[in-house]
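By convention in this document, chain letters (A, B, ...) are assigned in the order of the sequence lines, proteins followed by strands, and residues within each chain are numbered from 1. The analysis underlying the following values was restricted to heavy atoms, covering all of them including side chains, and did not include hydrogens, waters or symmetry mates.
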Amino acid sequence: MKEYVSEQLLQIINKLKKQQFIPEDIIPRFTVERTKDKSHGDFATNLALTLAKPAKANPRQIAEKIVSLLPQNGVIEKVEIAGPGFINFFLDESWLARQVSAALADPHLGVSRVKNPQTVVIDYSSPNLAKEMHVGHLRSTIIGDAVARTLDFLGHQVIRQNHVGDWGTQFGMLLALMEQLRHEGHEISMELADLENFYRQAKQKFDDSAEFATRSRQLVVELQSGNENCLALWQEFLTISLSHCQKIYDRLGVGLSPEAIYGESAYNNDLPLVVRDLEKTGLLIEDQGAKCVFLDEFKGQDDKPLPMIIQKNDGGYLYATTDLAALRYRQNQLKADRILYFVDVRQSHHFNHLFAVARKAGFLAATTEVQHMGFGTVMGDDGKPFKTRSGSVAKLADLIDEAENRARMLVAEKNPEMDAAELEEIGRVVGIASIKYADLAKNRSSDYLFSFDNMISFEGDTGPYMLYAYTRVASIFRKAEIDENSLSGEIILGEEIERELANLQIQFAEILSRVAERGTPHLLCAYLYDLASTFSSFYKNCPVLSAESEKSRNSRLQLCLLTARILKQGLELLGIGTLERM
RNA sequence: GCGCCAGUAGCUCAGCUGGAUAGAGCACCCGACUUCUAAUCGGGCGGUCGCAGGUUCGAAUCCUGCCUGGCGCGCCA
């Protein structure tokens with residue numbers, strides 16, 4: 001209805017131009033916004049204020065003129081002029097009520113699919129397979145996943161790409177260690193159970209033993225030249241490492257499966273083609289033995305253009321080459337209309353550079369959107385990147401364990417009589433919800449402080465609060481023993497809080513499209529929190545099952561039902577599961 | 001040195017394309033459970049929006065300068 005109001009105003013602007021009230025060539029930059037203060041109605045526009053200068057008139061008078069030109073309609077019940085010349089719109093209550101009914105009748109909750117679906121490639125998670133997943137992968141994984149789910153829900157064709165680090169020099173020492181251990185008669189899969197430890201061992205040997213280091217380098221060369229034994233060993237390593245990742249994804253409820261895996265090694269054969277294509281465009285320049293691309297827009301020290309090194313002086317390729325190959329593949333093979341990278345914000349320079357080179361080289365169509373959805377660092381209490389108590393990088397598996405344990409203990413405290421199995425299940429869901437909600441609720445691009453105490457607290461704006469709000473609705477329906485599909489009848493918005501709740505419910509669609517556009521799930525979190533807390537007030541003030549009339553009871557049950565559905569759907573888009581009781 | 005990002009209540013964070021009296025949560029203080037789960041709700045306390053200029057009818061938001069912190073800057077990813 002925001003669009004509806006904007007539409008009406010645009011027509012009025014045209015009328016004002018015809019009347020020569022304002023000059024023909026003026027394009028007013030006005031906004032229609034939801035108001036913060038209910039006394040200002042549901043929407044407000046600053047149109048009259050922006051027209052004051054071109055019309056050479058008092059904004060309040062202009063506002064009156066605009067209001068007089070507004071057509072009668074069933075959407076807006078009342079219009080007021082306020083302050084310096086704002087126009088406030090009050091939504092018609094019965095219209096609002098009908099919107100609620102319509103959303104309830106729609107399995108898609110009143111959210112329409114986009115008219116022009118895009119093929120959106122989403123690059124997220126992308127862990128380095130040489131090591132275990134750690135806290136640094138958390139944000140990419142869950143924010144990327146939430147955006148992927150949202151785009152999918154809106155009707156886009158989403159292609160998830162897990163650009164795992166499965167290639168490079170570090171694999172030499174890992175393979176060398178595998179080889180050695182096998183030679184000594186160890187069971188490799190056992191040794192790889194703790195990947196982190198395995199990596200440490202390999203690194204240690206690499207640093208300590210010249211012989212081992214030589215063998216490692218040799219294995220890298222063999223691997224890259226396609227030696228079969230070497231590839232088999234490498235494949236074995238990947239299989240185990242990928243299963244570690246999949247375990248984490250499954251625990252976190254992240255929608256990444258082996259199908260999404262398309263790692264660095266997948267582009268090996270494309271790398272020479274990237275060089276070939278770049279040579280054709282004349283962009284490739286040899287500098288100090290390395291093949292580079294220089295763009296004037298990217299300058300380093302001394303105002304000299306910064307190179308993007310495509311091929312090293314020893315013939316080896318770098319991440320820029322792989323990233324270019326990936327862009328090329330996503331454009332040509334996957335037919336992407338839009339490509340999103342959920343990668344640490346510290347790489348923003350690299351991505352800007354990359355995108356510019358790719359455009360210049362013709363790897364990207366002019367219409368293809370490509371965006372680096374950078375995210376900030378997860379910090380510890382000390383304001384430094386989050387570490388464990390022992391000072392090492394926190395493994396995701398350990399983080400999840402701790403969240404689940406803490407959640408289970410708190411749930412047990414609240415429900416001393418709950419049986420172990422249910423406790424386990426609830427602890428699991430609450431623990432994961434806590435981690436994910438705390439992260440997703442923060443603005444993507446800035447750093448944030450990781451705190452178990454804050455996120456698993458059962459008070460305030462937390463994952464557990466959201467889950468709790470949902471269980472309260474669920475319990476009404478359990479108690480009422482009614483089939484939710486049998487509900488019908490008119491929605492009555494008698495109480496202020498009911499009106500507020502309905503008003504929020506019909507905003508779901510516009511929130512989702514903003515999340516999809518900007519890649520910012522925190523907007524959805526804020527919205528759902530708003531919905532949940534408004535529901536809590538409603539729940540307190542408006543008896544549902546014991547409402548004063550059957551009509552009111554029916555109406556309130558429907559408000560409850562829509563709240564529950566939006567909460568469940570919204571949390572699902574965030575990748576957070578719900579519980580029927582807790 | 002150059003570039004990017006950040007600085008908002010005691011703490012953690014929102015604040016949309018410049019809009020009305022800068023908002024939440026936590027903490028603290030008061031009040032509310034014979035009634036659908038009090039993991040809740042209502043109220044209070046708390047802010048020179050880093051500083052100084054500028055643009056504007058209007059600036060936390062845009063521009064300039066400065067201060068503080070973080071990050072990045074040729075063959076790692």
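- For a distance-only test at 3.5 Å, the side chain of A:Glu33 fails to qualify as a donor-acceptor partner of the base of B:C16.
- With both pairing distances under 3.5 Å, B:A60 is matched to nothing as a Watson-Crick or G-U wobble pair.
- Taking atom C1' on both nucleotides, B:U8 is separated from B:G50 by 10 Å, rounded to a whole Å.
- An aromatic stacking contact links A:His40 with the base of B:A20, defined here by ring centres under 5.5 Å apart and ring planes under 30° from parallel.
- A distance cut-off of 5.5 Å between ring centres, combined with a plane angle under 30°, leaves A:Phe86 outside any stacking arrangement with the base of B:G19.
- Among the protein residues, A:Ala526 comes within range of no part of the nucleic acid, since none of its heavy atoms lies under 4.0 Å from any strand.
- In this model, no side-chain donor or acceptor of A:Asn46 finds a partner on the base of B:A20 within 3.5 Å.
- With both pairing distances under 3.5 Å, B:G47 is matched to nothing as a Watson-Crick or G-U wobble pair.
- Side chain A:Arg518 to base B:C16: no donor-acceptor pair is found below 3.5 Å.
- The nucleotide whose nearest atom lies closest to any side-chain atom of A:Leu49 is, among B:G19, B:A14, B:C41, B:G19.
- Taking syn as a glycosidic angle within 90° of 0, B:C5 does not qualify and is anti.
- Side chains of A:Ser451 and A:Asp453: a donor-acceptor N/O pair is absent below 3.5 angstrom, by distance only.
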